[in-house]
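Just so you know, these numbers come straight off a predicted model, no measurement behind them. One is the number of the first residue; the rest follow in order along the sequence.
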Amino acid sequence: MERTGPTVRFSGLLAAATAAVLAAGALVATAPAAGAADVDLARNGGFESGLDGWSCTAASGAAVSTPVHGGTKALKATPAGSDNAKCSQTITVKPNSSYTLSAWVQGSYVYLGASGTGTTDVSTWTQSSGAWKQLTTTFRTGPSTTSVSVYTHGWYGTPAHYVDDLTLVGPGGDPVVIPAVPAGLKTTAITSSSVALSWNAVSGASGYNVYRGGTKVATATGPSATVTGLTPSTAYSFQVSATNAAGESAKSAAVTATTTAGGGGGGDTKLPARALVGYLHSSFANGSGYTRMADVPDSWDVINLAFGEPTSVTSGDIRFSLCPVAECPNVESEAEFKAAIKAKQAAGKKVLISIGGQNGQVQLASTAARDAFVTSVSKIIDTYGLDGLDIDFEGHSLSLNTGDTDFRSPTSPVIVNLISAVKSLKAKYGSDFVLTMAPETFFVQLGYQFYGSGPWGGQDPRAGAYLPVIHALRDDLTLLHVQDYNSGPIMGLDNQYHTMGGADFHIAMTDMLLAGFPVAGDTTKVFPGLRPDQVAIGLPASTQAGNGHTTPAEVNKALNCLIKKTDCGSYQTRGTWSDLRGLMTWSINWDRFNNGEFSRNFDAYFGN
């Protein structure tokens with residue numbers, strides 16, 4: 001969270017990855033000649049039959065009669081917002097075989113590629129607009145690959161581009177048959193509300209269905225899934241089947257699991273079913289102006305006081321005080337502030353101290369710092385009669401030491417000591433203690449691709465560093481509201497990059513938290529999904545509040561998709577998350593500055 005204007009925190013890790021992708025492209029003049037047994041496998045590659053056989057994101061694609069490279073039609077695709085105008089087709093292929101993918105394109109930053117090859121996925125692109133240019137790339141399928149996805153797309157913010165005469169030349173694939181029954185189903189993690197499962201991958205399967213007590217409760221594209229929304233101390237039976245274009249296999253042998261007793265979680269904190277969370281600039285002023293506690297509108301269910309900050313980065317000694325009069329002329333007195341907190345609590349609101357923020361780097365690198373953190377945070381909570389704690393560690397507060405590669409058993413002192421400190425606070429204040437977290441996407445969802453410095457070193461050690469904290473405290477966690485802003489593009493469970501600012505980003509990022517995901521792609525280390533009532537979506541309240549502002553219409557689309565599974569666009573969620581808790585924003589002050597647009601939209605959507 002920021003004291004001042006928006007700042008983009010886009011790590012060199014992602015920037016380097018993007019540069020590598022761009023550098024990998026190559027413009028090839030002509031395609032290699034097809035072998036004697038090779039055929040063109042692309043369906044309607046000239047778009048003569050419109051979009052038959054093609055799937056295009058949103059409303060980005062259409063068949064047009066001019067310009068064309070050959071025949072009478074070509075594809076016109078127009079990027080818009082966070083939609084890069086991707087059109088794709090799944091094609092049956094043979095394992096261990098070579099293929100040549102080619103297309104004629106017109107426009108700047110037009111991409112052609114293939115994914116799901118089973119070896120190295122490929123792409124190529126053209127930078128310059130003007131005359132038609134041919135893009136060509138080749139790949140070899142893996143030993144169990146029976147289908148690939150070929151695609152074209154543009155780039156964000158660029159004009160419309162055109163594609164024509166797309167071909168995929170190689171040996172035709174065998175007829176698709178129903179896959180075998182999955183074997184090796186087992187549990188990999190169990191909490192009070194979730195069970196993580198894994199099984200052996202099935203050759204020829206394009207997806208899997210997960211059943212609980214004979215009812216389908218989840219789908220997965222890989223050999224792992226997490227079933228959420230379970231009841232503590234309850235036995236469940238699970239099975240899994242494999243699917244592809246030909247149909248669904250029989251269900252596997254069942255595995256049983258009993259959820260743990262749990263530690264209170266968010267169920268005892270008496271939050272409303274739909275909660276609106278906001279940060280209140282209490283210790284500083286900025287362009288949004290100072291808002292007195294008594295003047296916070298009733299829409300806000302959880303009010304996070306920003307910020308408690310350490311006396312030094314490594315001291316663990318957290319201090320909080322109201323904004324100085326010189327900086328905030330309308331600041332209330334301490335007595336008025338405390339009285340207003342009590343009034344909010346009497347009205348059913350929760351008031352928390354938020355630790356960290358953009359400037360408050362906190363590194364609990366020693367047990368002394370851990371103990372100072374517990375003591376000083378307890379003093380703030382007791383002094384102001386607060387309901388709990390919000391952890392908003394940013395920057396270099398959390399990172400993973402080299403060799404700390406398993407989020408389930410962290411060894412880095414700053415991680416271990418933070419977990420220990422929060423558990424101590426939870427034990428001290430009991431089940432009514434409200435615990436929330438507001439990490440950035442870099443520290444959570446990026447963990448799907450990268451975790452710490454990686455198996456060979458060289459990665460940013462902060463990547464995914466919140467995951468062990470969230471996992472260890474999941475039974476004590478009331479709300480996780482990741483900041484879906486000030487973020488670079490992040491890969492979702494569909495293995496596509498998603499960009500902030502539109503519904504798609506919030507859908508993909510939130511679905512990851514609820515469905516769970518393998519950390520750094522390791523299916524033996526699956527981060528189990530959280531309960532929907534433990535998750536809220538974090539957004540900036542206005543364009544002034546942070547990069548990645550999302551309009552009310554796009555916010556509502558995201559809520560429709562996640563809660564009702566409508567308005568989903570190109571990303572399909574792994575479940576219908578009807579119990580999603582709500583929204584968080586930075587900040588209450590910026591929302592008031594923007595005439596309450598964010599909170600009014602929340603109230604209107606949920607009928608408050």
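The main-chain N or O of S194 is never found under 3.5 Å from a side-chain atom of T228 such that the two would form a donor-acceptor pair. Judged by distance alone, the side chain of R274 and the main-chain N or O of L580 form a donor-acceptor pair under 3.5 Å. Between the side chain of T259 and the backbone N or O of S233 there is at least one donor-acceptor pair closer than 3.5 Å. The main-chain N or O of G501 is never found under 3.5 Å from a side-chain atom of E554 such that the two would form a donor-acceptor pair. Between the side chain of E332 and the main chain of R292, no donor-acceptor pair closer than 3.5 Å is present. Here the side chain of T234 pairs a donor or acceptor atom with the backbone of P232 at under 3.5 angstrom. Here the side chain of D301 pairs a donor or acceptor atom with the backbone of L276 at under 3.5 angstrom. Y236 contributes a side-chain N or O that, together with a main-chain N or O of T231, makes up a donor-acceptor pair within less than 3.5 Å. With hydrogens and angles ignored, the 3.5 Å screen pairs no side-chain donor or acceptor of Y485 with any backbone N or O of T550. Checking side-chain atoms of K344 against main-chain N and O of V296 turns up a donor-acceptor pair under 3.5 Å.
Here the straight-line distance linking atom CG of L352 with atom CD1 of I303 works out to 9.0 Å at 0.5 Å rounding. With rounding to the nearest 0.5 Å, the separation of CG in D460 from CZ in F450 is 10.5 Å. In this structure, CG on L389 lies 9.0 Å from CG on N304, to the nearest 0.5 angstrom. Atom CG of N601 sits about 9.0 Å away from atom OG1 of T551, to the nearest 0.5 Å. Summarising the geometry, atom CD1 belonging to I355 is positioned 8.5 Å from atom CG belonging to D390; distances are rounded to the nearest 0.5 Å. Note that OG of S376 and CD1 of I318 are 5.0 Å apart. Values are rounded to the nearest 0.5 Å.
Counted within 6.0 Å of NZ on K379, heavy atoms from surrounding residues, nucleotides or ligands total 12 or fewer; the atom is thus considered open. Annotation for K557: atom NZ does not count as buried by contact number, only 12 or fewer foreign heavy atoms lying within 6.0 Å. The environment of CG in N330 is crowded: more than 12 heavy-atom neighbours from other residues, nucleotides or ligands sit within 6.0 Å.
In this structure, the side chains of V469 and I415 come closer than 4.5 Å at one or more pairs of heavy atoms. Taking the side chain as every heavy atom from C-beta outward, T226 and T188 never approach each other to under 4.5 Å. Residues K338 and T383 have side chains in contact (heavy-atom distance under 4.5 Å, counting atoms from C-beta outward). Looking at L514 and T573, their side chains never come closer than 4.5 Å, going by heavy atoms from C-beta outward. Considering only heavy atoms from C-beta on, F602 stays 4.5 Å or farther from V555 through its side chain. Within the 4.5 Å cutoff, the side chain of R592 has heavy atoms near those of the D295 side chain. Contact check for N401 versus P413: side-chain heavy atoms found under the 4.5 Å cut-off. Between P410 and I419 the shortest side-chain heavy-atom distance falls below 4.5 Å.
Of the N and O atoms on the side chains of S599 and S299, not one donor lies less than 3.5 Å from an acceptor on the other residue. Using modelled atom types, one finds a donor on one side chain and an acceptor on the other under 3.5 Å when comparing Q345 with D387.
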* Asked: Checking side chain to side chain contact (heavy atoms under 4.5 Å, CB included) for the pair D511/Y571: CA distance, chi angles, key distance, verdict?
  -> CA-CA 10 Å; D511 191 50; Y571 184 94; 2.7 Å; yes
* Asked: What do the steps show when you test D522 against Y451 for side-chain hydrogen bond (donor to acceptor under 3.5 Å, both in side chains), and what is the final call?
  -> CA-CA 10 Å; D522 187 343; Y451 187 69; over 6 Å; no
* Give the C-alpha distance, both sets of side-chain angles, the deciding distance and a yes or no for side chain to side chain contact (heavy atoms under 4.5 Å, CB included) between Y448 and I490. => CA-CA 9 Å; Y448 178 52; I490 301 289; over 6 Å; no
* To do: Give the intermediate values and the outcome of side chain to side chain contact (heavy atoms under 4.5 Å, CB included) for residues I470 and F527.
  => CA-CA 10 Å; I470 298 167; F527 175 80; 3.8 Å; yes
* side chain to side chain contact (heavy atoms under 4.5 Å, CB included) evaluation trace for N286 with W590 -> CA-CA 10 Å; N286 61 11; W590 279 117; 3.8 Å; yes
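Of all heavy-atom pairs spanning P439 and L480, the tightest one is CD-CD1, 3.6 Å. Closest of all the heavy-atom pairs between E440 and V482 is C-CG1, 4.0 Å. The minimum heavy-atom distance linking Q445 with M509 is given by the pair NE2-O, 3.2 Å. In plain terms, the two heavy atoms of D404 and S412 that are nearest each other are OD2-OG, 2.7 Å. Heavy-atom minimum distance, T311 versus R319: CG2-CG, 3.7 Å. When all heavy atoms are compared, the tightest approach of S354 to D392 is OG-CB, 3.6 Å.
In this view, D371 satisfies the side chain to side chain contact (heavy atoms under 4.5 Å, CB included) rule with no residue, not counting sequence neighbours. Under the side chain to side chain contact (heavy atoms under 4.5 Å, CB included) criterion, T585 pairs with W300, A541, F598, sequence neighbours left out. Checked against side-chain hydrogen bond (donor to acceptor under 3.5 Å, both in side chains), N417 has no partners two or more places apart in sequence or in another chain.
Aromatic ring centres of F443 and F393: separated by at least 6.0 Å.
In this structure, R574 forms no cation-pi arrangement with F517, as its terminal cationic atom is not both closer than 6.0 Å to the ring centre and no more than 45° off the ring axis.
H281 pairs with exactly one of F307, Y290, W586 by the ring pair (Phe, Tyr, Trp, His ring centres under 6.0 Å) rule, that one being W586.
Ionic pairing of K423 and D476 is present here: one or more N-O contacts between side-chain nitrogen and carboxylate oxygen are shorter than 4.0 angstrom.
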